Structures are given as structure tokens and as C-alpha cells.
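Chain letters run A, B, ... following the sequence lines, proteins first, then strands; residues in each count from 1. The analysis underlying the following values was restricted to heavy atoms, covering all of them including side chains, and did not include hydrogens, waters or symmetry mates. Only a predicted model underlies this, so the values are computations on that prediction, with no experimental measurement involved.
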Amino acid sequence: MIFEGKALKCGDNVDTDAIIPGRYLVSTRPEELAAHALEGLDPELPAKLRDFEILVAGRNFGCGSSREHAVLALKHAGVKCVVAESFARIFFRNSVNLGLPALECGGISSRTMEGDRLRINLREGLVENLSQGFTLKAKPLPGFLLKILELGGLLAYVEERLGGEG
Amino acid sequence: MAGRTIAEKILARASGQPSVEPGDFVEAEVDLVMVNDITGPLTVKALKTLSKPRIRNPERLVIVLDHQTPADRVQSAENHRLLRSFASEFGVKALYDVGEGVCHQVLPEEGYVKPGMLIVGADSHTCTYGAFGAFAVGVGSTDAAAALALGKLWLKVPESMLVRVTGKLGRLVTSKDLILYVLGRVGVEGANYMSVEFKGEAIEALSVDGRMTITNMAVEMGAKTGIMEPDDKTLQYLAEAGVKGDFTLVKSDPEAQYAETLEFDAGELEPLVAAPPSPANVKPAGELSSVEIDQALLGSCTNARLEDLRLAAGILKGRRVKKGVRMIVIPASRRIYLKALEEGLIQVFVEAGAVVAPPGCGPCLGGHMGVLAEGERCISTTNRNFTGRMGSPKAEIYLASPATVAASALTGRITDPREVA
Ligand code: SF4
């Protein structure tokens with residue numbers, strides 16, 4: 001799985017209230033959530049995000065609540081992959097479970113500028129900055145998480161398992 | 001063989017292995033699943049995308065309507081209706097409807113939480129149940145759906161951090177101050193992915209209510225869960241909750257391995273406050289005495305149990321909340337509400353000028369009532385003070401104990417409770 005696109009940057013400790021504020025959680029509709037993605041950080045970001053495909057974040061991205069709405073909002077706003085120095089654990093699970101690849105990559109946020117083109121090879125765990133010409137090695141995902149991502153998310157995996165049980 | 005922590009022992013048992021190591025990925029049998037009215041609708045949606053939607057063990061699911069209750073708008077009401085009809089369609093008996101209380105209070109109080117269990121809840125503060133010696137982790141809605149369909153879920157075995165607290169808490173210094181102190185030391189990601197085990201005489205001296213305040217906030221330092229060894233107080237609580245004897249008390253081996261250890265004396269703590277925008281931005285309450293407040297909130301799954309209400313009422317009794325300050329009190333559950341009524345605590349709050357709201361999450365997550373306007377400040381017994389959490393992104397939230405919140409409501413500025421009581 002290879003993703004290529006323009007990087008939007010955000011800082012350290014971006015919490016789930018910043019990704020999708022609590023007042024929007026009554027909705028489960030991805031399009032509605034996407035319209036407010038990252039709004040808690042800056043009200044201009046939901047519109048701006050549409051021009052970017054990759055989110056580059058600092059440490060502890062997605063800390064806070066377990067709201068899967070955060071992943072839905074980003075994914076449906078067109079984010080194809082999140083690369084961060086580190087993730088909060090529930091966000092990481094949610095991201096993989098909903099088929100949005102989340103890669104931990106040390107050094108990515110200090111060395112990437114907003115708007116840089118990145119190419120990400122998930123299986124190899126490589127993050128290539130095409131604009132600046134460097135490549136970083138991300139923390140590799142264990143095989144079964146790659147499998148969940150390749151299937152498109154945890155439910156497809158569950159479906160496969162249930163099918164297997166006949 | 002090396003010693004094992006409670007977390008490792010519970011995960012080994014749940015995954016059917018003689019032992020597990022930190023870093024192992026396991027597929028573990030889940031004993032209890034919880035969803036609420038924010039995360040539940042997505043779980044239902046997820047389950048229904050399966051070609052044959054099913055719940056393997058309907059008796060292991062508890063649904064609590066607590067976040068947007070009573071419904072504040074049509075969409076919330078639709079979410080509630082969806083969960084009610086889902087429960088009847090799939091044979092789920094444990095649905096706690098509007099007004100029963102906050103999920104993390106309702107589950108232990110109704111006897112669902114038992115020591116040694118593996119619990120997953122679609123809510124980040126599921127770690128609260130660690131106070132009972134269960135391994136309880138917050139997950140997302142899709143995780144909950146998978147756990148319901150398969151009866152199992154993938155988990156990574158965490159490293160453990162040991163927090164050992166010696167000594168005795170001083171007057172008007174509470175378990176909230178203790179966990180705020182730990183947060184200040186460890187930081188918002190200092191325990192990332194870890195199981196944080198709390199031990200020592202200061203922890204043993206706490207009531208189960210007080211212990212739940214501590215495990216509740218483990219997630220605020222990035223932890224997978226907080227956990228404590230069950231003891232006689234735990235057993236007494238379980239007996240009162242009507243739990244029958246089919247559970248195992250799991251304790252850590254004396255030679256268990258901890259990735260990190262933090263040790264301190266509870267006697268040295270003072271009332272603390274976490275200033276915005278992070279629960280780890282902790283300062284002594286006395287240092288913030290120039291900060292004026294507009295709202296004081298006594299509520300949430302962190303600090304709205306009977307002991308908390310008693311503490312705050314003790315300070316407010318016979319006094320009035322400062323003019324211009326709005327105080328909101330929300331008992332964590334209907335049972336607590338009733339006991340507070342019997343004990344005359346509710347009378348104290350209302351006479352002091354506070355608004356008493358129905359059990360539930362209330363303003364904690366800023367999606368319902370009691371939201372803040374631009375530039376307003378709230379002192380709150382809740383667990384998160386992130387920007388925008390309680391309404392306007394230009395409002396500020398300060399986290400503190402019930403005693404500090406009550407004291408501040410009286411003076412209109414952040415106040416060390418020892419100054420007024
Ligand atoms: S009281 Fe607050 S923290 Fe607790 S479950 Fe409700 S919204 Fe979450």
C-alpha cells in the first residue's frame with residue numbers, strides 16, 4: 001500500500017476535542033463530521049484540509065477521548081494517511097480499525113514543511129519526502145494490523161473470521 | 001519465571017496462555033463490553049454492516065445513555081431511540097436509560113464490574129474500573145463491535161508503571177489532588193500505552209470512591225489503563241453492589257517487572273489545580289488565587305460520587321455561592337442522587353444557590369448543557385481541560401477536587417479549600 005500526497009502539519013498533543021469538538025458528536029454521518037475536521041484547532045482548517053492528503057503531526061496525536069468520530073472526520077475530509085511522532089493509543093486503534101493508516105515516524109514533524117509531497121510505503125514502513133529528498137524509516141506495523149488495513153478495516157477482518165466459522 | 005503484574009496475569013488468562021510478555025499482541029476473550037449514547041450508535045452501525053450481524057454474548061454488553069441526556073436535540077433523541085431498539089432486537093437486557101447516571105459509575109454500582117475481568121468500553125475513561133482490580137481499557141466503537149461479534153479483541157500487552165504512594169493525605173487534600181500530582185510528574189504522554197498500577201498505604205487508605213477518581217484519570221497520562229489490587233474494601237463494595245462470588249482476586253507478584261516506578265509521600269501534597277489546556281499543567285491551588293471564575297462544576301465520572309458530594313456540601317453548608325458564579329452539581333448516578341437527598345446534601349447545594357442537574361455527563365464534554373461562553377472560566381471536578389472541551393474554544397477550564405471547587409464557588413476565584421474550611 002503506497003500513498004502519495006501533500007502534507008498538512010499540526011503540532012504536539014492534538015487532542016480529540018481539537019479534531020472534532022464534542023458538540024458535533026451527536027452525528028454519525030461522515031460528511032457532516034468531515035465538515036468540522038480539526039475545527040477545534042482552527043476554524044479555517046476544515047476548508048483548508050481538503051487540499052491535503054497526508055497529515056503530519058507531532059507527539060501524542062489524538063489524545064483524549066475514544067470518539068471514532070475523530071477518525072471518520074479526517075478520513076472523509078480526504079486524509080489518506082496520518083504520520084506522527086507518536087499517537088495516543090485509542091486514536092491509533094481507531095485509525096487502523098477504520099482503515100486509515102497511522103504510522104509513527106521519529107523526526108517527521110521537524111523535517112517536513114507544510115505542503116511538502118510525501119510518499120508512504122506502508123508495508124516497508126518508509127516515509128519519503130519528495131519535496132526535500134529524504135526518507136525516514138517509520139515504526140513497522142505488525143503483520144495483522146497491516147492485514148486489517150489492507151482489508152479496509154477491522155470489520156472486514158471480523159467478517160472474514162465469521163465467514164471462516166461458517 | 002519472572003514475576004508478573006496484575007495486567008499481565010489478566011491478559012494471560014483472557015488469551016488462554018500460561019503467560020504473556022509486554023509487547024505481545026494477544027487475542028483475548030472479553031468479559032464485558034460497554035457503549036454509551038455517543039459511541040454506541042457507531043457500534044450499532046458497524047455491527048449492522050456485517051453480513052450476519054450478531055452479538056456472541058448479549059449478556060456481556062451494557063449500554064448506558066448518559067452523555068446527551070435528557071436528549072437536547074432531535075439527533076440525540078434519535079441516537080437514544082436507535083440504542084433502545086438495538087437492545088431489544090439483539091436481546092441486550094442491560095440498557096440504562098436517561099437519568100440512571102454516568103456509565104463509569106453505573107457499571108460498578110450495578111455489579112457488572114468484577115476483579116480479574118477483561119473489560120473493554122467504548123469510552124476512554126473505561127480505565128476507571130481498574131480500581132476494582134479489573135483490566136479495563138477504552139476502545140473505539142468499531143473495536144466494541146468486533147468484541148461483540150467475535151467475543152474477542154486484539155490487544156497489545158502493556159508495560160507496567162508502578163506508582164507507590166506512602167504516607168497519609170492531609171486535611172482537605174483528596175485523591176483528586178493525588179492523581180493531579182501524578183499527572184504533573186508523569187505528563188500527558190508519560191505513561192503512553194502502559195498499565196499504571198497504584199499501590200501503597202495512601203491508596204489502601206482511600207475508599208473505593210476515592211480510588212476510582214485515580215484510575216479514572218490514568219488515560220490523561222496516555223495510559224492504557226490504571227489498576228489497583230483488590231482488598232477488603234473492594235469486596236465490601238462488591239457485596240453491596242450485589243456481586244456474587246464468581247471472580248478471582250488478581251495481585252501482582254512481589255518480583256513483577258515495572259518499566260518505571262514513581263514513589264512519593266501523600267503527606268506532602270497540597271490542593272492542586274490543572275490549568276488549561278492540559279490536565280498535566282498542575283499548580284498549587286494557592287498559586288492561582290487571582291484567577292476569577294464564572295462557573296463551578298461538581299460532576300462527572302471523576303468526582304461526583306457520594307463522598308465527593310459530602311465533601312463539597314460540608315464546605316457549602318449555610319453559605320452562599322458568590323454572586324455572579326454559576327454552580328452546577330450533577331450526582332454521578334441516580335442511586336447517589338437518592339442518597340444525597342436522604343442525607344440532606346441536595347438541600348445544602350440548592351440553598352447555597354447551586355443548580356442540581358440530572359445524573360449524567362452534563363457539561364463535562366461540552367455537548368449538552370452548561371456550556372461556556374468566550375472568555376469564561378470554569379473550575380471543575382472533571383478530568384479534561386482541553387481547549388474547547390466545555391463550549392467556546394476561548395473559554396478556560398481548571399480541574400480540581402470537590403473541596404477546591406466548592407471553596408472557589410464561595411469566593412468567586414480559585415481557592416485553596418483550607419482557606420475557607
Ligand atoms: S462524565 Fe465526562 S469524562 Fe466521564 S464519561 Fe461523561 S463525558 Fe466522559
Q. With chain A, which of B/Thr39, B/Ile38, B/Asn192, B/Leu42 has the greatest number of heavy-atom pairs at distances under 4.5 Å?
A. B/Leu42
Q) Near A/Met1 CE, under 6.0 Å, is it more than 12 heavy atoms from other residues, nucleotides or ligands? A) yes
Q) Can you say whether A/Asn97 sits under 4.5 Å from chain B via the side chain, the backbone, both, or neither, judging by heavy atoms? A) both
Q. In terms of heavy-atom pairs under 4.5 Å, which option from B/Val371, B/Val219, B/Asp143, B/Leu365 contacts chain A the most?
A. B/Asp143
Q: Measure distances from A/Leu155 to the heavy atoms of chain B and classify the residue's part below 4.5 Å as side chain, backbone, both or neither.
A: both
Q. Taking only heavy atoms into account, what residues of residues 65-74 of chain B are found under 4.5 Å from chain A?
A. B/Gln68, B/Arg73
Q: For the pair B/Arg384 and A/Asp17, find out whether any cationic side-chain nitrogen is under 4.0 Å from an anionic carboxylate oxygen.
A: no
Q | A/Pro142 versus chain B, the contacting section by heavy-atom distance below 4.5 Å | A | side chain
Q.
Between A/Ser27, A/Ala156, A/Cys63, who has the most heavy-atom pairs with chain B when the cutoff is under 4.5 Å?
A. A/Ser27
Q.
Could you tell me if the side chain of B/Ile63 sits less than 4.5 Å from the side chain of B/Phe86, heavy atoms only?
A. yes
(Q) I need the contact set between residues 275-282 of chain B and chain A: heavy-atom distance under 4.5 Å, sorted by residue number. (A) none
Exercise answer: donor-acceptor pairs, residues 70-85 of chain A side-chain atoms, under 3.5 Å, sequence neighbours excluded:
residue: A/Lys75; atom: NZ; partner: A/Leu98; partner atom: O; Å: 2.5
residue: A/Glu85; atom: OE1; partner: A/Gly107; partner atom: N; Å: 2.9
residue: A/Glu85; atom: OE2; partner: A/Gly107; partner atom: N; Å: 3.2
residue: A/Glu85; atom: OE2; partner: A/Ile108; partner atom: N; Å: 3.0
residue: A/Glu85; atom: OE2; partner: A/Ser109; partner atom: N; Å: 2.8

Q. Does B/Met217 offer a backbone N or O that forms a donor-acceptor pair with the side chain of B/Asn383 under 3.5 Å?
A. no
Q. Do the rings of B/Phe25 and B/Trp154 sit parallel, tilted or perpendicular, given the 30° and 60° boundaries?
A. tilted
Q.
For the interface with chain A, which of B/His368, B/Arg389, B/Glu220 has the highest count of heavy-atom pairs at distances below 4.5 Å?
A. B/Arg389
Q) In terms of the angle between their ring planes, are A/Phe87 and A/Phe91 parallel, tilted or perpendicular, with boundaries placed at 30° and 60°? A) parallel
Q: For each of A/Ala18, A/Gly153, A/Gly22, A/Ser65, tally heavy-atom pairs with chain B at distances under 4.5 Å, and name the one with the top tally.
A: A/Ser65
Q. What part of A/Leu41 is in contact with chain B, defined as an atom under 4.5 angstrom from a non-hydrogen atom: side chain, backbone, both or neither?
A. neither
Q. Is A/Thr16 reaching over with its side chain to a backbone N or O of A/Gly62, donor-acceptor style, under 3.5 angstrom?
A. no
Q) Is B/Glu29 paired with B/Arg56 through a side-chain N to carboxylate O contact shorter than 4.0 Å? A) no
(Q) Tell me whether B/Lys224 forms a cation-pi arrangement with B/Tyr193, defined as NZ or CZ under 6.0 Å from the six-membered ring centre and within 45 degrees of its axis. (A) no
Q: State which residues pass side chain to side chain contact (heavy atoms under 4.5 Å, CB included) with B/Ala144; sequence neighbours excluded, sorted by chain then number.
A: B/Val33, B/Val35, B/Thr43, B/Ala122
Q: With a 4.5 angstrom heavy-atom cut-off, could you sort out which part of B/Asn79 is near chain A: side chain, backbone, both or neither?
A: side chain
Q. Which residue out of B/Gly366, B/Gly121, B/Ser141 racks up the most heavy-atom pairs below 4.5 Å with chain A?
A. B/Ser141
Q | Polar side chain donor-acceptor pair, B/His80 to B/Asp37, under 3.5 angstrom | A | yes
Q) Who wins among A/Arg67, A/Arg23, A/Arg59, A/Arg93 for the most heavy-atom pairs under 4.5 Å with chain B? A) A/Arg93
Q: Keeping the roles fixed (side chain from B/Gln295, backbone from B/Leu372), state whether a donor-acceptor pair exists under 3.5 Å.
A: no
Q.
With a 3.5 Å distance limit and no angle check, can you tell me whether A/Lys137 reaches the backbone of A/Glu124 through a side-chain donor-acceptor pair?
A. yes
Q: Examine whether an atom of B/Lys45 lies under 4.5 Å from a heavy atom of chain A, and if so say whether it belongs to the side chain, the backbone or both; otherwise answer neither.
A: side chain
Q | Heavy-atom pair count under 4.5 Å with chain B, highest-scoring of A/Leu25, A/Asn94, A/Asp15 | A | A/Asp15
**Q.** A/Glu53 (side chain) donor-acceptor with A/Lys6 (main chain) under 3.5 angstrom
**A.** yes
(Q) Go through it in stages, so that I can follow the logic: the residues are A/Arg111 and A/Asn129, the test is side-chain contact (heavy atoms from CB on, under 4.5 Å), and I'd like the CA-CA distance, side-chain angles, deciding distance and then a yes or no. (A) CA-CA 9 Å; A/Arg111 296 185 61 185; A/Asn129 186 320; over 6 Å; no
Q) chain A heavy atoms under 4.5 Å from B/Leu153: which part of the residue, side chain, backbone, both or neither? A) side chain
Q: Examine whether an atom of A/Ala88 lies under 4.5 Å from a heavy atom of chain B, and if so say whether it belongs to the side chain, the backbone or both; otherwise answer neither.
A: backbone
Q.
So that I can tick it off, tell me whether B/Arg81 and B/Glu78 are bridged by a salt bridge, with the cut-off set at under 4.0 angstrom between side-chain N and carboxylate O.
A. yes
